[in-house]
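By convention in this document, chain letters (A, B, ...) are assigned in the order of the sequence lines, proteins followed by strands, and residues within each chain are numbered from 1. On a predicted model such as this, the values are computed, not experimentally measured, just so you know.
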Amino acid sequence: MTVTTRFAPSPTGFLHIGGARTALFNWLFARHHGGQFLLRIEDTDRARSTDAAVAAILDGLSWLELNWDGEAISQFARRQRHAEEAHRLLDEGKAYRCYCSQEELAAMRAAAKAEGRSMLYDGRWRDRNPSEAPAGIEPVIRLKAPREGETVIDDLVQGIVRVDNAQLDDMVLLRADCTPTYMLAVVVDDLDMKVTHIIRGDDHLTNAFRQYQLYTALGFSPPAFAHIPLIHGPDGAKLSKRHGALGVEAYRDMGYLPEAVCNYLLRLGWSHGDEEIIDRRQAIAWFDLNAVGRSPARFDFAKLDSLNAHYIRQADDGRLADLILPGLTARLEGRLAADAQNRLKRGMRGLKERAKNLSELAENSIFYAHSRPIPVDDKAARNLTPEASTLLLKVRDHLASAEEWNEQSIESLIRHCAEIAGVKLGQIAQPLRAALTGSTVSPSIFEVMEVLGKKECLGRLDDVSTSPLSNAPAAV
RNA sequence: GUCCCCAUCGUCUAGUGGCCUAGGACGCUGGCCUCUCACGCCGGAAACAGGGGUUCGACUCCCCUUGGGGACGCCA
């Protein structure tokens, strides 16, 4: 039997981060076992489902590279099939028509609540003759669930969980308008799709008992269940938007790399000894349901950041340059240097060690992309004292006559300048940094100079010596 | 209210009765490295929710308490 998992989101919003983790676990489990990972869109709630949400979910999964097998299935499109099974149960005497009005049900629950009793449906039409049906009420079809005993689920994550059947009522299968309920649709679809492992959030755990009864009534044994704990916010409560309950595209826009998001999500509630950095290959090899924890995890941006920083450092320079170039182009408007992309790519080595997300990376890269003259921030300008400018003028002469132009040669040349001027390296490096990058912080100044090239460096030095900045009074 | 689930450093977690003086990671912090900032390296503070059992021996097993979370729709 080939392992088949599925991810079944309802398209009422974006693919939020919790859903992404559920999808990841399903994907990983299927890939680990060489099985199938299917996608089903649970769009039976016509009022709340939107095409835009479907697109957002597909985009989110694609961005995370959680590719599904076959076509995505629309649950709504299968409503006839669902109804068919409900009628079959009716014919077999395993389900019955219930003629309660919404008002009657509401009154029943209110009375139960007032008396402190369970608010479950009391099964009043279970054995009643349909001839007693009130006029003008379209019936629903309810499952004739067992009233005695208990329903037991051997959950792959939660272990054995049992519930008294008295806690479970006769659920509605088919609504008065003949459309299937979620419970019916899910079970019939999972059966038809031959799903072997249902991996989902543990908010569905109680549904699993009802679904178990439905599988049994339909004459099938249920698939394996694995209910994974939900992700909580830093305060332990349900994940709020402010705390990360965002669509995955929001993470992309915040400058996170998909591999970092996946690695982070994987370690949230799952572990493999002390391993922290787990790439996709490794994850497929190691993933197993029995290593999934049972307690809810809290979302922590700081850890995501550190993982993201790691994957940025690992990432290909060209890819990173491509990722940040569009944003820089838009931001710089007409001031983008002609060979910005090339500089970005070559400068990425030093740049990517200093960013924990793509936004920071872009921010720190801007001096490479900017055409002359570059802006110099206030702090950097304070390094361009008259003394420093004098020094820089001498350095410029040395640089101008340099025959070699690479990081090492530049470094020894600058160190030589410092030596003959009798100053510390930093006294040249910082003013140089200010003139060349417009900032007090940057990658190694020698690397920057190599990337910028001799001509650009001399140009930027000239820009600074001819601008009023060089005459700025020294900071006191 | 009823039912279900959970409980190790601030956070993610390792730990399946003796390997625990409780390990790793993030964060915090001291130092080294150093042209700035990072990276890297070395060090530090930081946890078994509480109470009962079981046992020669409990973080590990059982019970209770407390604290979290979830489910109780003709929503999904």
Side-chain angles (χ1 to χ4, degrees), chain A residues 8-12 42-45 47-49 75 98 100-102 105-106 109 112-113 115-121 138-142 155 157-159 161-164 166-169 171-177 179-183 185-186 201-210 227 229-230 232 234 236-238 264 267-277 293-307 309 313 350-356 364 380 383 411 414-415 418 424-430 432-434 437 439-446:
Chain A
S10 50
T12 53
E42 308 217 317
D43 51 357
T44 53
D45 186 340
R48 295 198 296 155
S49 298
Q75 189 162 62
C98 165
C100 286
S101 65
Q102 301 275 18
L105 253 18
R109 288 192 192 103
K113 189 166 188 175
E115 293 168 37
R117 286 184 293 108
S118 141
M119 299 200 294
L120 298 171
Y121 172 67
E138 287 301 321
V140 298
I141 294 179
R142 285 183 185 270
D155 191 277
V157 170
Q158 305 288 337
V161 188
R162 49 186 69 215
V163 125
D164 275 339
Q167 294 296 328
L168 272 11
D169 61 3
M171 66 183 133
V172 173
L173 263 22
L174 212 58
R175 299 185 188 105
D177 64 0
T179 58
T181 60
Y182 162 76
M183 289 290 181
V186 165
D202 70 5
D203 50 335
H204 283 286
L205 184 58
T206 50
N207 288 335
F209 294 100
R210 289 192 153 83
H227 289 91
L230 263 17
H232 288 177
K238 200 174 165 185
Y264 177 69
R267 282 288 290 105
L268 216 51
W270 178 86
S271 63
H272 185 81
D274 285 339
E275 300 293 339
E276 297 286 349
I277 305 294
R294 283 192 278 175
S295 54
R298 301 183 186 205
F299 195 86
D300 180 20
F301 272 106
K303 187 127 185 184
L304 209 209
D305 283 345
S306 90
L307 242 15
R313 272 176 253 136
L351 249 17
K352 67 185 182 182
E353 282 198 350
R354 295 168 168 77
K356 59 179 189 289
N364 298 342
N383 281 325
E411 174 163 1
I414 300 291
R415 282 188 188 279
K424 285 193 196 163
L425 182 57
Q427 287 178 264
I428 293 182
Q430 278 305 83
L432 212 43
R433 174 167 282 116
T437 73
S439 166
T440 52
V441 174
S442 84
S444 157
I445 195 61
F446 310 120

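Looking at which nucleotide of RNA chain B each of R415(A) and R162(A) is closest to, the 5′-most match is held by R162(A). Comparing F446(A) and D164(A) by the nucleotide of RNA chain B that holds the closest heavy atom to each, the one mapping nearer the 5' end is D164(A).
In terms of polar N and O atoms assigned as donor or acceptor, the side chain of R294(A) never comes within less than 3.5 Å of the base of C6(B) in a complementary pairing.
G51(B) and U66(B) have their P atoms separated by 15 Å, given to the nearest Å. Between C9(B) and A47(B), the distance separating the two C1' atoms is 4 Å to the nearest Å. With both ends at atom C1', the span from C12(B) to A46(B) equals 15 Å, rounded to whole Å. Spacing of C1' atoms, U16(B) relative to G23(B), comes out at 16 Å, to the nearest Å. Taking the C1' atoms as reference points, U2(B) lies 32 Å from U54(B), given to the whole Å. Straight-line distance between the P atoms of A38(B) and G50(B): roughly 39 Å, to the nearest whole Å. When the C1' atom is compared between G27(B) and G15(B), the two are found 23 Å apart, to the nearest whole Å. Here the separation of C72(B) from U65(B), taken at their P atoms, is 25 Å to the nearest Å.
When rounded to the nearest whole Å, the span between CG of L307(A) and C1' of A25(B) equals 9 Å. Atom-to-atom, CZ of F209(A) to P of U2(B) comes out at 18 Å; the value is rounded to the nearest Å. The OH-P distance, from Y264(A) to C12(B), rounds to 8 Å in whole Å. Going from atom CD of E276(A) over to atom P of G23(B) covers 15 Å, rounded to whole Å. At whole-Å resolution of the value, CZ in F301(A) and C1' in C12(B) are 15 Å apart. Atom P of nucleotide G24(B) and atom CD1 of I277(A) are separated by 16 Å, given to the nearest angstrom.
With both pairing distances under 3.5 Å, G40(B) is matched to C32(B) as a Watson-Crick or G-U wobble pair. When both pairing distances are held under 3.5 Å, U54(B) makes no Watson-Crick or G-U pair with any nucleotide shown. C3(B) is paired with G70(B) under the Watson-Crick or G-U wobble criterion, all donor-acceptor distances under 3.5 Å. Applying the Watson-Crick and G-U wobble criteria (two distances, each under 3.5 Å), G27(B) pairs with nothing in any strand.
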Per-nucleotide protein contact string for nucleotides 37-48 of chain B (B base, S sugar-phosphate only, - none; heavy atom under 4.0 Å): BBSS--------

Scan nucleotides 58-76 of chain B nucleotide by nucleotide, 5' to 3', and note B when protein non-hydrogen atoms come under 4.0 Å of the base, S if they reach only the sugar-phosphate, - if neither. -----------SSSSSBBB

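A parallel orientation is assigned to the rings of H272(A) and W270(A), their planes being inclined by less than 30° (bins at 30° and 60°).
A donor-acceptor contact shorter than 3.5 Å is absent between the side chain of D169(A) and the backbone of L120(A). Of the possible donor and acceptor atoms, one in the side chain of Q427(A) sits under 3.5 Å from a partner among the backbone N and O of K424(A).
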Pull out every protein N or O sitting under 3.5 Å from an N or O of nucleotides 26-32 of chain B, one pair per line with the distance.
from: C26(B); atom 1: O2'; to: A302(A); atom 2: O; distance (Å): 3.3
from: C26(B); atom 1: O2'; to: K303(A); atom 2: N; distance (Å): 3.4

Using the 3.5 Å cut-off, write out each protein N or O paired with an N or O of nucleotides 14-16 of chain B and the distance between them.
from: A14(B); atom 1: OP1; to: S271(A); atom 2: OG; distance (Å): 2.9

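Remark: F209(A) engages no residue in a ring-ring contact (aromatic ring centres under 6.0 Å, His included) (not counting sequence neighbours). By the side-chain contact (heavy atoms from CB on, under 4.5 Å) test, R267(A) is found to be paired with N263(A), S271(A), E276(A), I278(A), residues two or more places apart in sequence or in another chain being considered.
Side-chain contact between S49(A) and P11(A) is present, with at least one heavy-atom pair separated by less than 4.5 Å. Residues T437(A) and L432(A) are not in side-chain contact: their nearest non-hydrogen atoms beyond the backbone lie 4.5 Å or more apart. Between Y121(A) and L105(A), the closest side-chain pair of non-hydrogen atoms falls below 4.5 Å. Taking the side chain as every heavy atom from C-beta outward, E42(A) and V186(A) approach each other to under 4.5 Å. D45(A) has its side chain out of reach of T12(A): every pair of non-hydrogen atoms, C-beta onward, lies at least 4.5 Å apart.
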Passes side-chain contact (heavy atoms from CB on, under 4.5 Å), D43(A) versus Q75(A)? Steps please. CA-CA 6 Å; D43(A) 51 357; Q75(A) 189 162 62; 3.7 Å; yes

Check the pair L230(A), H232(A) against side-chain contact (heavy atoms from CB on, under 4.5 Å), reporting the backbone distance first and the verdict last. CA-CA 6 Å; L230(A) 263 17; H232(A) 288 177; 4.3 Å; yes

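Here G350(A) lies out of heavy-atom contact (under 4.0 Å) with every strand.
Y264(A) and F301(A) have their aromatic ring centers separated by at least 6.0 angstrom.
In this model, a donor atom of one side chain and an acceptor atom of the other lie less than 3.5 Å apart for R175(A) and T179(A).
Applying the 6.0 Å contact sphere to NZ of K352(A) captures more than 12 heavy atoms from other residues, nucleotides or ligands.
Between K303(A) and D300(A) there is no salt bridge, since no side-chain nitrogen of the basic residue lies less than 4.0 Å from a carboxylate oxygen of the acidic one.
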